[in-house]
Amino acid sequence: MLEKVYNAKDHEDDIYQLWEESGAFSPKLNSKITKGSDSKKKVFSISMPPPNATGTLHLGHSVMLALEDIMIRFHRMKGDSTLYLPGTDHAAIATQNKVEQILEENNKKRTDLGREKFLEKVRKFVADSQNTIRNQIRKMGTSCDWSREKYTLDDSLNKAVNEFFKRLLNDDIIYRGDRLVNWDPKMQTTVADDEVDFDESKGILYYIQYGPFIVATSRPETKLGDTAVAVNPDDKRWKKYLGKKVEVEFAKGHKITVPVIADQMVDMKFGSGAIGVTPAHSLTDFELAEKHNLEKPQVIDFQGKMTKVAGPYAGLDIFACRKKLVKDLEKAGRLVKTEEYDQSVAVNYRGGGIIEPQIMKQWFVNVNKKAIDWKGKKRSLKEVMLETVRSKDIKIIPGRFEKTYFHWIENLRDWCISRQIWWGHQIPIWYKVSKEDFAKWQKAKEKSSHLFQILNITPLETKFSETPPKYLKHPNNPTDPTFFWIRDPDTLDTWFSSSMWTFSTLGWPEKTEDFKNFHPTDVMETGYDILFFWVARMILASTYCLRSSGLPEDKCLPFKNVYLHGLIRDRNGKKMSKSNPETCIDPLEMIEKYGTDALRLSLFIGATPGNDMSLYEEKIAGYRNFVNKLWNVARFALMNIDMKKLTDQDRNSIPKSQTLADKWILSKLHKLIKNTGNRIEKFAFSEAAEELYRFTWMDLADWYLEIAKIEKNKDHLLYYILRKLLKLWHPFTPFVTEVLWKELDQPELLIESPWPRSEKSLIRPTKEKEFSLIREIISGIRNLRAKAKIEPAKRIKAILSAGSKEKLISENQEIIKTLARLENLEIHKKLISKPAKSLSKFLDKLEIYLPLEGLKDLKQEKERLNKELSELQCYQASLDKKLANKQFISNAPKEVVEKEKAKYTEATKKIKKIKSQLKNL
RNA sequence: GGGCGCUUAGCUCAGUUGGUUAGAGCGUCUGGUUUACACCCAGAAGGUCGUAGGUUCGACUCCUACAGCGCCCACCA
């Protein structure tokens with residue numbers, strides 16, 4: 001006997017263990033797959049987007065796990081060879097940042113430890129959070145294949161990363177160059193363009209006398225090292241200076257002499273129409289400098305201090321310099337005016353340091369070089385990224401994100417992949433350096449890792465190698481080599497390795513069975529916020545790497561579909577963040593309180609792809625209630641089924657339906673089977689679950705089970721319905737369904753049981769219609785009773801004028817009598833006149849009367865009828881207007897016109913009846 | 001500056017290619033110890049679908065403009 005209430009906590013861990021031990025999570029590779037093409041390909045695979053190994057999972061992860069697991073369980077039950085591959089990401093900057101924060105709490109810095117010791121600490125931290133994460137993934141009921149779990153720093157993945165790097169290098173796509181990068185002086189690293197956030201803030205615009213010009217700037221300190229002043233070529237005011245040099249005096253005798261250049265980029269209307277060009281610390285200025293061949297001196301160093309170029313201001317911190325300079329300029333009468341204005345400050349989105357653009361030697365991936373053979377043409381990485389989505393080889397759901405994707409790719413610049421942090425894949429490049437440079441490096445390497453800019457080391461040779469190249473030793477003196485090899489101390493952008501996730505996890509570059517079987521993956525399910533960070537780069541890496549391995553195009557895609565879910569917000573529509581514990585929901589706490597199944601439902605019902613959704617505890621509690629309902633539906637069925645009476649044949653056959661209700665519920669059930677599968681395949685998860693929810697609660701529990709109590713002897717039917725129902729729910733609520741399944745004496749686990757098939761012959765619309773009528777009669781009587789305030793328990797008499805439906809109603813009168821609490825039901829075939837002192841209700845083809853002995857006050861009934869009458873008359877009038885419109889009659893499709901006409905006749909009939917009732921009252 | 005999304009019942013949201021009197025959950029109100037479930041049952045109230053135009057026989061649905069909210073991208077001398 002099942003407990004009265006489903007307590008998720010008592011079952012979930014056991015069930016998960018049962019699944020895990022059964023081996024159900026690993027794909028069953030049957031011969032069909034390896035043979036391949038002839039029959040429908042029955043493989044389904046998803047790579048789990050690897051959570052960052054930096055702590056705990058949040059609701060965003062829960063949504064992802066829930067949605068992916070729905071698809072996975074569905075396909076597994078359909079008999080597909082299904083792989084769900086889990087893993088974690090080393091999350092370079094994020095993790096390093098976290099560990100540095102921990103160190104900071106103990107007043108330590110990473111440089112105090114040195115590279116190796118620091119990395120040891122990070123590794124330990126990561127191992128801990130990986131364990132936490134694995135646990136949480138299990139708690140969500142995720143049916144992923146743990147035997148194939150991967151981590152971005154695994155040896156095999158590391159190998160893949162190096163291979164990717166090597167190929168890019170050989171194809172001349174990777175290059176090392178002096179480019180303007182986003183430098184974070186706080187974390188001492190560069191960050192990618194899309195890792196930069198802009199903070200809105202109030203700033204001051206300074207207007208400075210700049211030779212003959214007035215230049216407006218928010219950063220006067222950078223002007224100290226300008227190499228040109230630019231004006232618009234059409235600006236008549238400054239024409240006479242074009243091509244000449246001007247002397248600009250700041251203060252304290254600091255002077256510069258700069259050429260006047262002309263460029264369309266300059267806006268004549270802004271400020272005085274002249275800008276000072278600072279190539280080393282501004283992207284637009286850098287581009288100007290490239291175009292006009294200007295020098296690019298560094299004005300601000302990597303620590304955020306002024307360089308020698310700043311003359312008397314050298315050595316000052318940026319902000320101190322600004323303050324001092326402005327004061328000096330003011331004294332010298334060169335500060336024309338100041339203005340407040342809104343500016344956005346670039347900050348590192350991890351860690352929050354203020355970005356200072358700097359020119360540095362960095363590794364880049366050239367996205368414009370024609371490098372991939374794709375569909376008969378040599379194309380650049382950028383072009384292939386566009387082409388795969390344009391051609392719909394990769395579909396993005398919802399489609400509107402394709403537009404933003406294209407826009408982003410079209411404006412993509414070369415990808416800076418080197419990072420000056422320690423945690424990550426170290427760049428597999430070695431530099432041959434002199435003995436002197438090597439000594440410099442030895443001394444400084446634990447403090448600063450910037451070989452070229454800070455240590456000023458000049459490599460004599462650059463070489464790709466995964467392992468240390470042999471020393472180029474003097475043959476006679478091995479202990480005193482003339483040259484040394486230093487490995488590039490930088491690490492790779494974290495997205496470099498995660499871009500390979502779909503195939504590096506399957507063993508690439510080795511030719512593995514897994515890769516052959518499961519790539520490309522079917523769906524990439526992730527949040528829209530990392531469409532650019534990750535999804536786009538996966539397309540880049542996959543097409544490039546796999547195409548260069550000689551695979552055909554369709555094998556080279558990382559996935560066929562991208563499903564983007566929205567972000568979870570709190571009830572006020574605000575982003576949930578840990579800093580606001582008031583509204584921040586911890587998935588584990590919710591699981592503890594309401595069960596995983598309830599949490600899962602709350603995360604996707606009512607959500608549409610790409611749209612954010614809000615979540616709050618009551619919602620989860622609501623789905624807990626539903627899960628309990630499902631439990632009790634089963635409980636009721638199990639109490640009524642005599643398992644011993646069920647033969648093996650019964651168990652595996654479709655029950656013969658006897659009554660109208662039986663036929664109705666089977667029809668509904670089979671329609672449901674059909675729709676559920678279709679909807680999951682179409683990624684309409686919310687719709688699928690909503691329909692299941694309505695069927696379970698409103699059709700099955702509220703009606704069919706009540707009827708089963710009346711009609712009795714439904715062992716076989718209840719057994720059959722319950723079995724199908726548990727299967728249908730299983731992808732959505734895996735735990736409760738598996739617990740209940742055990743009660744059905746099944747030879748296999750539900751997780752591995754086959755998905756039900758929809759039987760067309762059982763879908764019978766006429767039976768559904770007939771049953772609806774019975775339902776309407778019962779609701780109608782209940783409604784009248786409630787309005788007349790008849791005691792709920794009191795059994796009363798009802799009279800039906802049933803016309804052609806007489807037989808149907810007679811056959812189902814027991815149901816009507818019990819559910820509407822009647823002691824007596826008279827059914828008339830002929831129209832009868834309204835019995836005295838009775839309430840009445842009109843359905844389409846029949847009339848209901850409740851004769852009431854004690855009915856004295858007819859006022860209420862009169863009011864009710866009058867209200868109904870006026871509503872109907874309004875309705876009739878609108879139909880009348882429609883039908884009187886000749887254009888409607890001639891233009892609208894015939895069926896629509898017919899329908900409207902029928903509605904009109906119905907309404908007219910009802911009005912007539914109500915009118916006569918009102919007269920009789 | 002460019003783009004995208006949202007605006008439907010008190011709240012959170014559905015509403016498939018235009019065609020029944022616009023739906024659900026929660027909440028509210030009225031009643032209820034009907035032996036599966038009070039995490040329940042029965043019944044009810046509640047919406048001129050953001051505003052203004054347009055297309056159409058017909059608009060919640062398509063088009064245009066506007067407003068409010070939110071997001072993304074770019075720029076910011």
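Values in this document were obtained by computation on a predicted structure and should not be read as measured data. Chain letters run A, B, ... following the sequence lines, proteins first, then strands; residues in each count from 1.
- Rounded to the nearest Å, the gap between the C1' atom of B/rC40 and that of B/rC26 is 16 Å.
- In this structure, A/Ile790 places its CD1 atom 12 Å from C1' of B/rG43, rounding to the nearest Å.
- Between A/Tyr6 and A/His11, a ring centre-to-centre spacing shorter than 6.0 Å is recorded.
- For the C1' atoms, the distance from B/rA67 to B/rU20 is 34 Å, rounded to whole Å.
- In this structure, CD1 in A/Ile778 is found 10.5 Å from CD in A/Glu706, a value given to the nearest 0.5 Å.
- B/rG23 and B/rG15 have their P atoms separated by 15 Å, with the value rounded to a whole Å.
- Distances from the side chain of A/Leu872 to the nucleotides B/rG3, B/rC71, B/rU21 place B/rU21 closest.
- Of the inter-residue distances, the one linking A/Leu726 atom CG with A/Leu740 atom CG reads 5.5 Å to the nearest 0.5 angstrom.
- Rounded to whole Å, the separation between the C1' atoms of B/rC60 and B/rU21 comes to 15 Å.
- As rounded to the nearest Å, B/rA24 and B/rC69 have P atoms that lie 32 Å from one another.
- Contacts of A/Ser878 with the nucleic acid, taken as non-hydrogen atoms under 4.0 Å apart, are absent.
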Problem set entry | Reading 5' to 3' through nucleotides 53-60 of chain B, protein heavy-atom contacts under 4.0 Å coded B for base, S for sugar-phosphate only, - for none | ----B---
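- Taking only side-chain atoms of A/Tyr528, from C-beta outward, the nucleotide of B/rC71, B/rC4, B/rG43 with the closest atom is B/rC71.
- Look at the C1' atom in both B/rG27 and B/rG53: the space between them is 37 Å, to the nearest Å.
- Atom CG of A/Asn182 is separated from atom CD of A/Glu356 by 10.5 Å, given to the nearest 0.5 angstrom.
- Using a 4.0 Å heavy-atom criterion, one finds that A/Thr608 contacts the sugar-phosphate atoms exclusively.
- Across B/rU34, B/rG31, B/rG43, the shortest atom-to-atom separation from the side chain of A/Asn783 is found for B/rG43.
- One C1' atom belongs to B/rA65, the other to B/rG25, and the distance between them is 36 Å to the nearest Å.
- Taking the side chain of A/Thr284 as heavy atoms from C-beta on, and the options B/rG25, B/rU20, B/rC76, the nearest nucleotide is B/rC76.
- A ring-ring contact (aromatic ring centres under 6.0 Å, His included) with A/Trp729 is found for one member of A/Tyr693, A/Phe695, A/Phe735, A/Phe626 and no other, namely A/Phe626.
- Residue-to-nucleotide proximity on RNA chain B shows that, of A/Ala786 and A/Arg413, the 5′-proximal contact is made by A/Ala786.
- Residue-level contact check: A/Ser779 touches the backbone only, with heavy atoms under 4.0 Å from sugar-phosphate atoms and none from bases.
- In this structure, the CD atom of A/Glu868 is 16 Å from the P atom of B/rU21, given to the nearest Å.
- For A/Phe683 and A/Tyr563, the distance between ring centers is under 6.0 angstrom.
- Among the protein residues, A/Val627 comes within range of no part of the nucleic acid, since none of its heavy atoms lies under 4.0 Å from any strand.
- Counting to the nearest Å, the P atom of B/rU30 and the CZ atom of A/Arg864 are 21 Å from each other.
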For this session: Summarise protein proximity over nucleotides 36-41 of chain B in one line of letters, 5' to 3': B for base, S for sugar-phosphate only, - for none, counting protein heavy atoms closer than 4.0 Å.
Result: BB-BSS
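- Within 4.0 Å of A/Asn611, counting heavy atoms only, lie sugar-phosphate atoms of the nucleic acid but no base atom.
- You'll find the side chain of A/Asp699 stays beyond 4.5 Å of the side chain of A/Arg694, heavy atoms only.
- Here the side chain of A/Asn7 pairs no donor or acceptor atom with the backbone of A/Lys9 at under 3.5 angstrom.
- If you check the side chains of A/Tyr528 and A/Asp612, you find a donor sitting under 3.5 Å from an acceptor.
- Rounding to whole angstrom units, OH of residue A/Tyr875 and C1' of B/rA22 are separated by 13 Å.
- Of the inter-residue distances, the one linking A/Phe604 atom CZ with A/Glu687 atom CD reads 12.5 Å to the nearest 0.5 angstrom.
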Problem set entry | Verdict with reasoning, A/Glu906 to A/Lys903, per salt bridge (Lys or Arg N to Asp or Glu O under 4.0 Å) | CA-CA 5 Å; A/Glu906 280 307 319; A/Lys903 276 191 254 168; over 6 Å; no
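- Spacing between B/rU64 and B/rA59 at atom C1', rounded to whole Å, works out to 15 Å.
- A/Lys886 comes within 4.0 angstrom of no nucleic acid atom, judged by non-hydrogen atoms across all strands.
- No contact: A/Arg694 has no heavy atom under 4.0 Å from any strand.
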